[in-house]
Enquirer: 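Dumping the structure here so I can ask a few things about it.
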Amino acid sequence: MPFEPTDRPRRLRTDGIRPLVRETTLDARDLIAPVFIDETIDDRRPISSMPGHERVPVSEAADRVEEIRKTGVEAVMVFGVPTTKDAIGTEAYAEDGVVQQGIREISDHTDAYIIGDVCLCEYTDHGHCGVVEPHAHDEPTLTVKNDDTLELLADTAVSQAKAGADMVAPSSMTDGMVGAIRRGLDTAGFEHVPIMSYAAKYESSFYGPFRDAADGAPAFGDRRHYQMDPANRREAMREVQLDIKEGADVLMVKPALPYLDIVSDVRQEFDQPVAAYNVSGEYAMLHAAAEKGWLDLEATAYESLLSIKRAGADLIVTYFAEDLADRL
Ligand code: PBG
């Protein structure tokens with residue numbers, strides 16, 4: 001006689017009951033779509049390593065965001081590519097910087113919720129996320145000057161808020177960045193603007209395609225001395241705790257899929273909303289496999305985002321936002 005199981009979880013998997021017992025759902029309103037605004041171009045340019053994405057000139061920023069909003073996604077994260085770069089990332093906090101112009105366009109012409117990425121790496125000629133020691137080019141180990149960077153990050157956040165950003169998202173992993181930005185915003189009268197901190201941001205190889213898209217690859221060295229070691233889990237709790245103490249409103253983990261244990265830890269340990277950044281490499285690899293006919297793009301993208309939510313993320317920054325929202 002064949003063995004008869006006493007428990008039969010399959011009873012709840014038939015078509016009628018499956019949706020009723022589903023534990024996690026995905027909604028277009030959970031998603032944030034990244035937008036790249038490029039001051040050096042007059043027409044939209046596709047980003048080859050990120051199929052379906054493009055850099056747009058300032059004049060097209062609002063149109064681009066309207067396309068996204070039509071799919072049901074209401075929030076965008078804005079990145080900029082400036083015409084000039086220098087050692088101290090002046091264009092990151094210039095009143096007429098590319099991101100500030102773009103944010104103004106978007107807030108004047110759309111109802112999108114605008115999040116500004118606050119970092120210097122797209123605006124420094126050396127490509128690092130802060131000010132570096134003079135002559136660092138010749139030194140074996142690079143030092144990004146932590147404390148000298150803080151004021152510039154605060155200025156960047158304030159300039160974005162002035163332009164109309166609804167929220168700012170510091171991504172440089174500078175110690176004290178959330179506190180410095182909170183103080184800067186409060187002093188300038190933007191105490192109502194929340195901070196979504198890239199609280200646990202890892203030094204990940206999955207950022208490759210983004211560095212093409214935003215032209216922010218470091219000219220020398222790497223980001224090992226400020227972004228987190230992928231080997232560390234407990235350290236993420238410490239990073240998140242610090243950001244909460246300094247006033248972070250939303251806590252982000254980045255990347256997402258290879259770091260779902262961290263997303264889950266942050267969800268369990270803290271009560272603030274948790275965000276996860278499904279990064280450029282996570283997007284590009286599904287596209288590349290789908291192009292070869294090895295994976296179903298839509299199904300694997302959906303499963304990825306569902307898993308990120310299941311792990312505990314409330315919101316997801318993702319390049320799949322538009323395409324998936326259209327399907328949802
Ligand atoms: C800026 C920044 C990066 C990303 C978001 N903000 C690049 C980096 O840290 O190297 C990566 C996003 C992605 O890969 O999708 N510091």
Side-chain angles (χ1 to χ4, degrees), residues 3-34 51-53 67-77 112-113 115 167 169 194 196 198-200 202 206 233 236-237 240 249-290 293-328:
F3 175 74
E4 285 199 18
T6 46
D7 288 305
R8 298 183 183 276
R10 281 184 173 198
R11 281 185 200 123
L12 298 182
R13 290 182 194 145
T14 58
D15 283 346
I17 185 79
R18 256 173 100 88
L20 290 170
V21 298
R22 178 161 291 155
E23 298 174 35
T24 310
T25 53
L26 208 53
D27 193 291
R29 283 165 303 189
D30 305 326
L31 307 178
I32 299 167
H53 281 270
E67 292 163 14
I68 294 169
R69 288 188 64 244
K70 279 208 190 84
T71 67
V73 175
E74 294 288 345
V76 294
M77 177 109 106
Y113 190 80
I115 306 168
M167 173 150 100
M196 173 160 74
Y198 288 69
Y202 286 87
F206 286 96
R233 181 172 181 173
M237 294 301 101
V240 170
D249 299 282
V250 180
L251 310 166
M252 198 202 290
V253 174
K254 180 184 173 188
L257 286 180
Y259 296 84
L260 291 186
D261 54 334
I262 312 299
V263 174
S264 166
D265 286 352
V266 177
R267 165 76 297 140
Q268 279 175 39
E269 203 67 36
F270 305 100
D271 292 328
Q272 279 79 357
V274 178
Y277 199 138
N278 178 229
V279 302
S280 56
E282 300 175 58
Y283 177 82
M285 67 184 177
L286 294 192
H287 268 274
W294 294 346
L295 284 179
D296 177 329
L297 181 63
E298 200 181 278
T300 51
Y302 179 79
E303 190 178 326
S304 299
L305 299 194
L306 193 67
S307 299
I308 294 166
K309 271 206 87 180
R310 192 193 60 239
D314 302 295
L315 31 146
I316 307 173
V317 185
T318 178
Y319 304 96
F320 289 118
E322 265 172 291
D323 288 348
L324 270 194
D326 247 350
R327 165 200 158 151
L328 291 169

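This one's a predicted model, so the numbers in the text were calculated from it and none came from an experiment.
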Enquirer: What's the shortest heavy-atom distance between A28 and A325, and which atoms?
Expert: CB-CB, 3.8 Å
Enquirer: Judged by atom type as modelled, is there a donor-acceptor pair below 3.5 Å linking the side chain of Y319 to the main-chain atoms of G52?
Expert: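 Not at all, since once roles are kept as given, no pair shorter than 3.5 Å links the two residues.
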Enquirer: For a quick test of reading the model, state the closest non-hydrogen atom pair linking L12 to V21 and the distance between them.
Expert: O-CG2, 3.7 Å
Enquirer: Would D249 and M167 count as a side chain to side chain contact (heavy atoms under 4.5 Å, CB included) if you check the C-alpha gap in whole Å, the side-chain angles of each, and the deciding distance to 0.1 Å?
Expert: CA-CA 10 Å; D249 299 282; M167 173 150 100; over 6 Å; no
Enquirer: Would Y277 and V253 count as a side chain to side chain contact (heavy atoms under 4.5 Å, CB included) if you check the C-alpha gap in whole Å, the side-chain angles of each, and the deciding distance to 0.1 Å?
Expert: CA-CA 6 Å; Y277 199 138; V253 174; over 6 Å; no
Enquirer: Whether R69 and E74 form a salt bridge (side-chain N of Lys/Arg under 4.0 Å from carboxylate O of Asp/Glu) is what I want to check.
Expert: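 R69 and E74: salt-bridged.
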Enquirer: Rounded to the nearest 0.5 Å, how far does CE of M252 lie from CE of M196?
Expert: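 With rounding to 0.5 Å, CE (M196) is 4.0 Å from CE (M252).
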Enquirer: Parallel, tilted or perpendicular: which one describes the rings of Y259 and Y202, with boundaries at 30° and 60°?
Expert: parallel
Enquirer: Could you state the interatomic distance from OG (S304) to CG (L257), rounded to the nearest 0.5 Å?
Expert: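 Those atoms lie 4.5 Å apart.
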Enquirer: Would H287 and L297 count as a side chain to side chain contact (heavy atoms under 4.5 Å, CB included) here? Give the steps.
Expert: CA-CA 6 Å; H287 268 274; L297 181 63; 3.4 Å; yes
Enquirer: Mind checking the CD1-CG spacing from I262 to L251? Nearest 0.5 Å is all I need.
Expert: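 Rounded to the nearest 0.5 Å, the CD1-CG separation comes to 13.5 Å.
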Enquirer: Mind checking side chain to side chain contact (heavy atoms under 4.5 Å, CB included) for D27 and listing every partner two or more places apart, or none if nothing turns up?
Expert: R29, D30
Enquirer: Grab the two heavy atoms, one from V263 and one from A313, that are nearest each other, plus how far apart they are.
Expert: CG1-N, 3.6 Å
Enquirer: Which distance, rounded to the nearest 0.5 Å, do you find between the CD of E282 and the NZ of K254?
Expert: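 If we round to the nearest 0.5 Å, E282:CD and K254:NZ are 10.0 Å apart.
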Enquirer: Taking C-beta and beyond as the side chain, do R310 and E23 meet within less than 4.5 Å on heavy atoms?
Expert: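 In short, these two side chains do not touch, never coming nearer than 4.5 Å.
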Enquirer: Taking the side chain as every heavy atom from C-beta outward, state whether S280 and F206 have any atom pair closer than 4.5 Å.
Expert: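 Side chain of S280 against side chain of F206, heavy atoms only: no contact under 4.5 Å found.
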Enquirer: Salt bridge between D314 and R267, side-chain N to carboxylate O under 4.0 Å?
Expert: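 Yes, this pair counts.
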Enquirer: Less than 4.5 Å apart, side chain to side chain, heavy atoms only: is that true for I32 and V73?
Expert: no
Enquirer: Would you find a donor on one side and an acceptor on the other, under 3.5 Å apart, between the side chain of E298 and the backbone of L324?
Expert: no
Enquirer: Closest heavy-atom contact between P258 and D261?
Expert: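 In this case the closest contact between P258 and D261 is O-OD1, 4.3 Å.
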Enquirer: Do V76 and Y113 make a side-chain contact, defined as non-hydrogen atoms from C-beta onward lying under 4.5 Å apart?
Expert: no
Enquirer: Quick one: does any side-chain atom of K309 pair with a main-chain N or O of T24 as donor and acceptor, under 3.5 Å?
Expert: no
Enquirer: For side chain to side chain contact (heavy atoms under 4.5 Å, CB included), just list the numbers for T318 and L305, CA-CA rounded to whole Å, side-chain angles, deciding distance to a tenth of an Å, and then say yes or no.
Expert: CA-CA 8 Å; T318 178; L305 299 194; 3.8 Å; yes
Enquirer: Kindly say whether D265 contributes a backbone atom to a donor-acceptor pair with the side chain of Q268 at under 3.5 angstrom?
Expert: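 No, the answer is negative, given that no donor and acceptor are paired below the 3.5 Å cut-off.
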Enquirer: Look up atom CD1 in I308 and atom CD in E303, then write down how far apart they are to the nearest 0.5 Å.
Expert: 11.0 Å
Enquirer: Roughly how far apart are E322 CD and K70 NZ, rounded to 0.5 Å?
Expert: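 Going from the CD atom of E322 to the NZ atom of K70 covers 10.5 Å.
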Enquirer: In the structure I gave you, are the side-chain heavy atoms of V240 and Q272 within less than 4.5 Å of one another anywhere?
Expert: no
Enquirer: Is any side-chain heavy atom of P34 closer than 4.5 Å to one of V317?
Expert: yes
Enquirer: Which heavy atom of M77 sits nearest to which heavy atom of A169, and what is that distance?
Expert: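 So the two residues come closest at SD-CB, 4.2 Å.
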Enquirer: Can you label the angle between the Y283 ring and the H53 ring as parallel, tilted or perpendicular, going by 30° and 60°?
Expert: perpendicular
Enquirer: Quick one: does S264's side chain have a donor or acceptor within less than 3.5 Å of a partner on L260's backbone?
Expert: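 Judged by distance alone, no pair lies under 3.5 Å.
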